[in-house]
Every structure is written in C-alpha cells, then in structure tokens.
K.L.:
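Please read through the structure below; I'll follow up with questions.
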Protein chains: 2
Amino acid sequence: MSPGLKRVESRSSLVAGAVLPLDTIIEGDCIAALQRLPAASVDLVFADPPYNLQLGGDLQRPDNSMVDAVDDDWDKFASLREYDDFTRAWLAAVKRVMKPDATLWVIGSYHNIFRVGASLQDLDFWILNDIVWRKSNPMPNFRGKRFTNAHETLIWASRDQRSRYTFNYEALKAGNEDVQMRSDWLIPLCTGSERLKDDEGRKAHPTQKPEALLGRILLAASKPGDVVLDPFFGSGTTGAVAKKLGRHFVGIERDQAYIAHARERIALAAPVDDAAMLAPAEKRSEPRIPFANVIERQLLQPGAILTDANGRHQARVRVDGSIMLGDIVGSIHKIGALAQGLPACNGWTYWHYDDGGKPVLIDELRAILRKELAAAG
Amino acid sequence: MSPGLKRVESRSSLVAGAVLPLDTIIEGDCIAALQRLPAASVDLVFADPPYNLQLGGDLQRPDNSMVDAVDDDWDKFASLREYDDFTRAWLAAVKRVMKPDATLWVIGSYHNIFRVGASLQDLDFWILNDIVWRKSNPMPNFRGKRFTNAHETLIWASRDQRSRYTFNYEALKAGNEDVQMRSDWLIPLCTGSERLKDDEGRKAHPTQKPEALLGRILLAASKPGDVVLDPFFGSGTTGAVAKKLGRHFVGIERDQAYIAHARERIALAAPVDDAAMLAPAEKRSEPRIPFANVIERQLLQPGAILTDANGRHQARVRVDGSIMLGDIVGSIHKIGALAQGLPACNGWTYWHYDDGGKPVLIDELRAILRKELAAAG
DNA sequence: GGGGCGCCTGAATCGGCAG
DNA sequence: TCTGCCGATTCAGGCGCCC
C-alpha cells in the first residue's frame, strides 16, 4: 500500500475497500467524491459551503469605486428549495464519512446559516455550540441602511446526540487567560501577505478564511494525527493549518485554479509548535465605549445636564446617546468641538455630569464600563 | 371610542372593524389573539418565542447545587416538526398585522434560531441583519464540555423585500463614538434590581430580557409614537421600554402571573417626558438645487469652463444646465463620471469654476442658492 | 531609515423620488 | 409598476511611496 494512504474497514462503505487519501486534494464534485470515501473514517469536518448571497445590482463605495463582490457561478442557486436540496445532500454525504465521535463545523452568514442549521437538525446532527466570528475589520455598510455586518456564524455539531467528541477544554482555557473560551471569537479578516494572490495580483479566492480561525477550530476539537475533512477546500486554509498543527487533511475541490493555489500553499506550510500564532487576539489599546452605553446602563438618565469645566456650556443627554446644545444634536465629541469652536474634541474629557452638586468628568463613567468589559474578556 | 384605542380600516382584517388596543396586555393564546387584531397596523414587532430547549435531565453546578433551568410547560415541544408548525403559525399571524414597512425582531439561541430563521425566509420576510447579543456575564459551562454559551442571536427582518423600513442610522452613529453600529452588541444579562422577583424572592420570569437590549432595538428601528407589538410578552420588558421611550405597545401573554408582574412594572416605568430627548437625530436633508438654476441666476455664464481638481478635464457650461466634454453633452454628474471612468459621480463636488484665477468648487454656488432659499422660507 | 500620509480592500441580500 | 436621474454614503488595517 502506498504511503499516505489508509485502508479503512467498513461494511457500510459505498465502495468496498475504499481508501482515504490522506493529505491530498480530491478534484471533483463534492458529493460524488464524498460517496467514494470510506464510511466512518474522519475525525473532524470543516465546511465552508456557498452562502447563496442573492446579491442584486452593483454596490458602490462612497468614492464611487466598485465593491468586488462574490459573483461566482458556484454561489448561484435558483431558489431556496434548490439550496436546501444541495445542503441536505452534502450534509448527508459528510455524515456517512464521519466517525461516530466526529464533529462538524460549518460557517455561514445570515443568508444561508439558518437553512444549514435547520437541515443539520433534521439530519440528527447534534448542535454543540453556535460560534460567532467577530471581525475586527469588516467592510462598512456604505449606504447607512443597516448595521455593519461584522460577523459570521459557525455551527459546531457532533454526528449524533451520543457522540463522545473531542473538546480540548483545558488547553483552550490555559491559552485564554485561564478563563473558559466563549462562543464569540474576535479574529481579523484574512488580508495582507496571508491573502493568496494570482499572477495578476488579484485575490486568488473570493472568500479565503483566516488561518487563525481554522487554527482555533483544530486546536479546540481535534487531536494531533486526526483526519480533518474539508469538502469545500477552496484556497486550502484547512489543509495549510492542518499541516502546521500536525493533523492530516482530506480536501475536495472542483476548481482547478483553486487546487493549484492550495497545493503550492500547503507545500510551503511548515509545521510549527509556536502556539503564539493561535493565541487569542490581544487587546492593543483600551476598548472603545460608546456613550450610548452610559445611558443604556442607566449611569446617566436622558435629560441629564452635561457642562464643561467652567460651566459655560450646558448640553442635555438624549435617549440615544447623542447630546443637545441649544437645538443642535450630535455626539459628545461633535458637540464638544462645536462648543469650543474647535475642529475636534474628546467629549469624554470635556463634559461633566453633576454628582451630588460636584461636577465629575463623564470619563469616570467610561472607566466603570471598561472595568466591566475587561471582566467579560 | 375609548381613549387608548385606535380604529384601523382594513379590508383584509379577519375581524371587520378590529381595534388595536394600545398600551395594554391581551390575555390569551398568541395566535388566536393576533388573528383578532387589525391587519397592517403595527410598526415594529419584538418576539421572544419559546426556545425549544430540549434539556435532558437536570444540570448540576460543580458544587452540586441545582441550576434553575427553563422547564416550563410552554417550552415543551414534541418534535422539531411540531416546533416548526408553531413557528410558521405565529410568524404568519404576525406578518398579517405588520404594516408594509414594518420590521420584525426575533431572539433565540442555537436550539431554535435556525428553525425560526428558515421559516422567516420561507414566509418571504426579508432578513436585514442577524445581530449577536454578546453577554458580558454569561453562565459558565459547568461541565467543561463546550464553549461558554455567551451570546444569543436576534434576526431583524422587514415584512418583505420592498419594505422601506425605519433605521435611525444617524442617531445610532452619534451615540456610538461616531462610527456605524455593528452587528455584535455587548450587553449584560438582566440581573440585580432590574430583575423582577416574585413574593418569595424567586425570579418572576425565567428569561427576562434586559431593558438595554430592547432600548437599542426600539431606538434603532422605530420612531416616537410607533406601535410595538410583542406576541410573547412575558415579564413585559418590551412594554416598559416602549413606555419610557414614547412608543406604544401591544402585548400578548397567556400566563396570568406574568401579566400581573408586567402590569405593575409598566405602571412604575417613567416616560422620558422631554420630546427633544426622544426625536431621532437626523441629518437634515438639504433641498435639491438643479444646476440649471446656477446659470439662470447668472452665477455662471453659458460657455464658462469647468475643470476637475487637477485641471486635467475641461467642460463647458451650456445654457440649459448641461455641460459638454469634447462633443459629449450631459449632466454635471454624468460627465463627471465619464471623465473619471467611474460608474457614478457627484458633479457638485467634482467640477470647479474659475474665480479670478483660482479654481472653486461649484458646490459653493449651490450653497449660495440654498442660503437664499432658506432665507425665503 | 523611519514616520506619515494616502491608497486599496474586505462573503453585501445597501435609495428614493419624480414623472 | 417601471425608468431615469439626482446625489448620499465608510472602518480598520496593510502596504507602499515620499519626505
């Protein structure tokens, strides 16, 4: 038997004597390729399926340049029904290949994740957590019509309710300031030198995932030597991280250009013991506290009076965290600048509230909230 | 007609002449009660439906004390199918009652939110955002078998794809350090004095939501005077916050004990009485000035030369307010876009005229006309 | 060489009104 | 209901150029 191959005995395999091709990329359709793999043979699955974005026309930035949106054919589905059929088909094919104690990770956005999650449950996967990937640097909402879409959702599920799955609780806790790892992860987008480029300097894959994300997943839910399957291999982040962390991978991908990029990338990946790369992103500076939080948390009441140090200017606090000077409404910073006739102002260190007759800087209130925030991680 | 009631004319109402009972709690089954309300009559819906938690057995803390888990009868569903049927029924009933431009908020956890989201999409609601409520003080995972479940998910959706919904973008930004509000919100659990207790000091409702959460929702997606419907009213957080923020509420709840707690609580809630503190901060939209007015008022002469900032492009002003670049004629916007090879352009902030040898933006001329317009009333 | 400034970009269901 | 047109709208971070 060739090195790198692994024979798995399984009566339920669709292909007698099917072989798991370790640390390779299978070219072809995801579902067909899955059906040729041996049953109950992989320890972990990471899947980044098409999101079915259903984008309309073009989106322009405020400077009138164009957003390079995902418009690839592989993200086109005729209807929700068709997307559901596709989802159930690949989930069922994946489930067959999973060992009884294996777990599955799927990533998505609000466009598709509810359909994926519901299908998972219908197929008797058992959801363990939903995880929120909070992006430190998301694309803004240019039109000001919605909240900045600043996160994606991962579902972590075991093959069934009785699975005794791998969860490296102590390792995660040790790497997380000795507190339990939470379900919300702050990780930057994949940009800069990590982002694969083609010969002409354009991004090689439209939705390349950051290695830090895959790193945390593999460290949390697999052991060294485990086999990690990625049925939508794309630019090969799963393979590169698996190699670095001493796990085996099996990738499936139908686009030859993506495969070529992934092969090159994985060949360059060096197994490292340096856990620093995967340590949770550290706080660079003090977290930003919106003034609205002060009102939400009732540290100040709507209508409260803010004054400057000399008591020359008086502004009133509104319910939404803006303040009002005369009949002009704006943020504590904007109104502070206006009051002083300056181009800018830090409202936190300019405005005071009345604390039993004594003027106190609102920065004191920010300090209270920051203290709580630090406790929350 | 009694004060506090509002008659809404609607041919599609199931009950002719149905009346919306403002600022009251309707006792009874959610779906039946919804069907008695007038169609297209509410501006915003907040729904906190049963979570279908499926907890097997009891959960013990490390010190062997018992966790007071949600095990109420209203959270028992025999199967996913039954939960889906229930979900679709209340969503459809809610949709009928929503105005065309109304939006819906639903909160849930991984146990139920995927089913709710998929059902929403099936019923042609249009998802605007999914929002993550990050809890600063979540309950730890006592068994160390999963990630700390530190968030819940909200879905924000409009009645349909074409809805022109309310989103107080400027107000949210002013209260958020002058940056866009993101889709991940850090808000503490409802604890301490805000948490309602019964006569014996036990929590009055198992899943009471924090007022800060409802506050942000109402400030983001409703206007003062709007009608907010909560079909699973529970301890009445929606009603208390609506009253404080000058919105009307309609609650539906079948548990008499919850209703009693909610009534008492809402009676004690003090509205923000100063309307100025409530009106959403908006950017005043400036009146539209046609470029032709600039020529009509002889601020520029026909034949005058317009240039871009670098002087690379030169266009000539025509009598009708169009301009000419080479032999191409069009609006200041179209020609500006053409000159730059961009899909669009705001001509007012691109073209300059010659003011005694110095290039000046034509936006200055618009400002003059706007000033006159304002003076004229 | 270093600091500062400007450019580029990221899974996006991104307008409203008049005619 | 559809078309055309005006004109409003962005945050964090990496990288490269320039002084």
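Chain naming here is simple, since letters A, B, ... match the order of the sequence lines and numbering starts at 1 in each.
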K.L.:
Among the nucleotides dG13(D), dG10(C), dA11(C), which one has an atom lying closest to any side-chain atom of S136(A)?
P.N.:
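The closest nucleotide is dG13(D).
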K.L.:
Could you check whether W351(B) and F291(B) have their ring centres less than 6.0 Å apart?
P.N.:
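That pair fails the under 6.0 Å test.
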K.L.:
Considering only NZ, NE, NH1 and NH2 on the basic side and carboxylate oxygens on the acidic side, decide whether R115(A) and D122(B) come within less than 4.0 Å.
P.N.:
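Yes.
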K.L.:
Let me know the distance between CG of N141(A) and C1' of dC14(C), rounded to the nearest Å.
P.N.:
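Rounding to the nearest Å, CG of N141(A) and C1' of dC14(C) are 5 Å apart.
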K.L.:
What is the distance, to the nearest angstrom, from the CG atom on N149(A) to the P atom on dC14(C)?
P.N.:
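About 11 Å, once rounded to whole Å.
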K.L.:
With respect to E211(A), which candidate in R195(A), R216(A), R265(A) satisfies the salt bridge (Lys or Arg N to Asp or Glu O under 4.0 Å) definition?
P.N.:
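Testing E211(A) for a salt bridge (Lys or Arg N to Asp or Glu O under 4.0 Å) against R195(A), R216(A), R265(A) leaves exactly one candidate, R265(A).
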K.L.:
Measure from the side chain of D48(A), starting at C-beta and using heavy atoms only, and say which of dT9(D), dA11(C), dG10(C) lies closest.
P.N.:
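Nearest nucleotide to the side chain: dA11(C).
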K.L.:
Across the strands shown, which category fits I289(B) at heavy-atom distances under 4.0 angstrom: base, sugar-phosphate, nothing?
P.N.:
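Since only primed, P, OP1 and OP2 atoms lie under 4.0 Å of I289(B), the category is sugar-phosphate.
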K.L.:
Would you tabulate the nitrogen or oxygen pairs shorter than 3.5 Å linking the protein to nucleotides 1-8 of chain C?
P.N.:
none

K.L.:
With respect to the phosphate group of dG4(D), does any side-chain polar atom (N or O) of K334(B) fall under 4.0 Å of OP1 or OP2?
P.N.:
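For K334(B), the contact criterion (side-chain N or O under 4.0 Å from OP1 or OP2 of dG4(D)) is not met.
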K.L.:
Donor-acceptor pair under 3.5 Å: do we get one between R162(B)'s side chain and the base of dG15(C)?
P.N.:
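By the distance-only test, no, there is no pair.
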K.L.:
Which nucleotide sits closest to the side chain of N137(A): dA12(C), dT10(D), dG13(D)?
P.N.:
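It is dG13(D).
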K.L.:
Determine whether the aromatic ring centres of residues H205(A) and Y258(A) are separated by less than 6.0 angstrom.
P.N.:
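Yes.
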K.L.:
What integer distance in Å separates N112(A):CG from dA11(C):C1'?
P.N.:
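Rounding to the nearest Å, CG of N112(A) and C1' of dA11(C) are 9 Å apart.
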K.L.:
Which is true for S193(A) with a 4.0 Å heavy-atom rule: it touches a base, it touches only sugar-phosphate, or it touches nothing?
P.N.:
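Sugar-phosphate: the residue S193(A), judged by heavy atoms under 4.0 Å, touches backbone atoms but no base.
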K.L.:
Does one side chain, of S183(B) or R146(A), offer a donor that lies under 3.5 Å from an acceptor on the other?
P.N.:
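No.
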K.L.:
For DNA chain D, write out the stems as range with range, using runs of 3 or more consecutive Watson-Crick or G-U pairs with both distances under 3.5 Å.
P.N.:
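Looking at DNA chain D, the stems formed by three or more consecutive pairs are C:2-10 with D:11-19, C:15-19 with D:2-6.
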K.L.:
What integer distance in Å separates N64(A):CG from dC6(D):C1'?
P.N.:
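After rounding, the reported distance stands at 12 Å.
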K.L.:
Counting only side-chain heavy atoms from C-beta out, which of dA12(C), dG7(D), dT9(D) sits nearest to H333(B)?
P.N.:
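Within the option list, the nearest is dG7(D).
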K.L.:
Look at D85(A) together with R81(A) and state whether they make a salt bridge at an N to O cut-off of under 4.0 Å.
P.N.:
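Salt bridge flag = yes for R81(A) with D85(A).
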K.L.:
Is the ring pair W90(A)/F232(A) parallel, tilted or perpendicular, if the boundaries are 30 and 60 degrees?
P.N.:
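W90(A) and F232(A): perpendicular rings.
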K.L.:
Between E177(B) (CD) and dA12(D) (P), how many Å, whole number?
P.N.:
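In whole Å, dA12(D) P lies 11 Å from E177(B) CD.
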K.L.:
Is any side-chain N or O of K203(A) closer than 4.0 Å to OP1 or OP2 of dG10(C)?
P.N.:
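Answer yes for this pair, as a side-chain N or O of K203(A) is under 4.0 Å from OP1 or OP2.
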K.L.:
By nearest heavy atom, map C190(A) and F142(A) onto DNA chain C; which one lands nearer the 5' end?
P.N.:
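Per heavy-atom nearest nucleotide, the more 5' residue is C190(A).
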K.L.:
Check this for me: does any side-chain nitrogen of one of D73(A) and K76(A) sit under 4.0 Å from a carboxylate oxygen of the other?
P.N.:
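Salt bridge between D73(A) and K76(A), a charged N being under 4.0 Å from a carboxylate O: no.
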K.L.:
Are E286(B) and R366(B) within salt-bridge range, i.e. N to O under 4.0 Å?
P.N.:
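Salt bridge flag = no for R366(B) with E286(B).
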K.L.:
Would you classify P49(A) as touching base, sugar-phosphate or nothing, given that sugar-phosphate means primed atoms plus P, OP1 and OP2, and contacts are heavy atoms under 4.0 Å?
P.N.:
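Counting heavy atoms under 4.0 Å across all strands, the contact made by P49(A) includes a base.
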K.L.:
Please report the distance separating the P of dT9(D) from the corresponding atom of dC8(C), rounded so that it comes out in whole Å.
P.N.:
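Rounded to whole Å, the distance is 23 Å.
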K.L.:
Mind telling me whether F147(A) and W105(B) have parallel, tilted or perpendicular rings, with 30° and 60° as the class edges?
P.N.:
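Ring orientation, 0 to 90° scale: perpendicular.
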K.L.:
Can you check whether any acceptor in the base of dA11(C) is under 3.5 Å from a donor in the side chain of D71(A), or vice versa?
P.N.:
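Counting by modelled atom types and ignoring angles, no donor-acceptor contact under 3.5 Å is found here.
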K.L.:
Quick check on dC17(C): is either OP1 or OP2 less than 4.0 Å from any side-chain nitrogen or oxygen of R164(B)?
P.N.:
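Yes.
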K.L.:
Where the side chain of R61(A) is defined as all heavy atoms beyond and including C-beta, which of dC14(C), dC6(D), dG10(C) is the nearest nucleotide?
P.N.:
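From the listed options, dG10(C) comes nearest.
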K.L.:
In whole Å, what separates the P atom of dA12(C) from that of dC6(D)?
P.N.:
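So the two P atoms sit 29 Å from each other.
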K.L.:
I'd like the C1' distance from dC7(C) over to dT10(D), given in whole Å.
P.N.:
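14 Å, rounded to whole Å.
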K.L.:
Suppose we call a contact any N or O donor and acceptor under 3.5 Å apart; does that hold for the side chain of K209(A) and the base of dA11(C)?
P.N.:
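Under the 3.5 Å cut-off, the side chain and the base do form a donor-acceptor pair.
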K.L.:
Which residue is it: K203(A), R202(A), K197(A)? I am looking for the one with a salt bridge (Lys or Arg N to Asp or Glu O under 4.0 Å) to E200(A).
P.N.:
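Result: among K203(A), R202(A), K197(A), R202(A) is the only option passing the salt bridge (Lys or Arg N to Asp or Glu O under 4.0 Å) with E200(A).
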K.L.:
Between dG10(C), dA11(C), dG7(D), spot the one nearest the side chain of M139(A), thanks.
P.N.:
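Looking only at heavy atoms from C-beta outward on M139(A), the closest nucleotide is dG10(C).
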K.L.:
Which nucleotide wins on minimum distance to the side chain of K173(B), given the candidates dG7(D), dT10(D), dC14(C)?
P.N.:
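The nucleotide sitting nearest to the side chain is dT10(D).
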K.L.:
Taking side chain to side chain contact (heavy atoms under 4.5 Å, CB included) as the criterion, tell me which of L306(B), V294(B), L299(B) meets it with I362(B).
P.N.:
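Result for side chain to side chain contact (heavy atoms under 4.5 Å, CB included) with I362(B): L306(B).
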K.L.:
So what does W74(A) touch, heavy atoms closer than 4.0 Å: a base, only the sugar-phosphate, or nothing?
P.N.:
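Since a base atom lies under 4.0 Å of W74(A), the category is base.
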K.L.:
Report the distance from atom CG of L53(A) to atom C1' of dA11(C), rounded to the nearest whole Å.
P.N.:
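These atoms are roughly 5 Å apart.
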K.L.:
Can you tell me how far C1' in dC18(D) sits from the matching atom in dG1(C), rounded to whole Å?
P.N.:
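Roughly 13 Å separates the two C1' atoms.
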K.L.:
dA8(D) P sits how many Å from Q60(A) CD, rounded?
P.N.:
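Rounding to the nearest Å, CD of Q60(A) and P of dA8(D) are 14 Å apart.
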K.L.:
Determine the Euclidean distance between corresponding C1' atoms of dA11(C) and dC15(D); express it in Å to zero decimal places.
P.N.:
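It works out to 23 Å between them.
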K.L.:
Taking the side chain of Y169(B) as its heavy atoms from C-beta onward, which of dT9(D), dA11(C), dG13(D) lies nearest to it?
P.N.:
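Nearest to the side chain of Y169(B) among the choices is dT9(D).
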K.L.:
Would you say dT9(C) has OP1 or OP2 under 4.0 Å from some side-chain N or O of S65(A)?
P.N.:
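So the side chain of S65(A) is outside the cut-off, no N or O lying under 4.0 Å from OP1 or OP2 of dT9(C).
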K.L.:
Using atom NZ of K197(A) as one end and atom P of dG16(D) as the other, report the distance to the nearest whole Å.
P.N.:
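Distance, rounded to whole Å: 10 Å.
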K.L.:
If you only use heavy atoms from C-beta on, which nucleotide in dC11(D), dC14(C), dA8(D) is closest to the side chain of N346(B)?
P.N.:
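Minimum distance to the N346(B) side chain belongs to dA8(D).
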K.L.:
For Q161(B) and Q208(A), find the nucleotide of DNA chain C closest to each by heavy atoms; which residue's nucleotide sits nearer the 5' end?
P.N.:
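Nearest-nucleotide comparison on DNA chain C picks Q208(A).
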K.L.:
Quick one: sort the F86(A) and F77(A) rings into parallel, tilted or perpendicular, breaks at 30° and 60°.
P.N.:
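The arrangement is tilted - the two ring planes meet at 30° to 60°.
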K.L.:
Considering every strand and a 4.0 Å limit on heavy-atom distances, what is the contact class for T349(B): base, sugar-phosphate, or nothing?
P.N.:
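No contact.
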K.L.:
R288(B) side chain: which of dA12(C), dC11(D), dG7(D) is closest?
P.N.:
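Nearest to the side chain of R288(B) among the choices is dG7(D).
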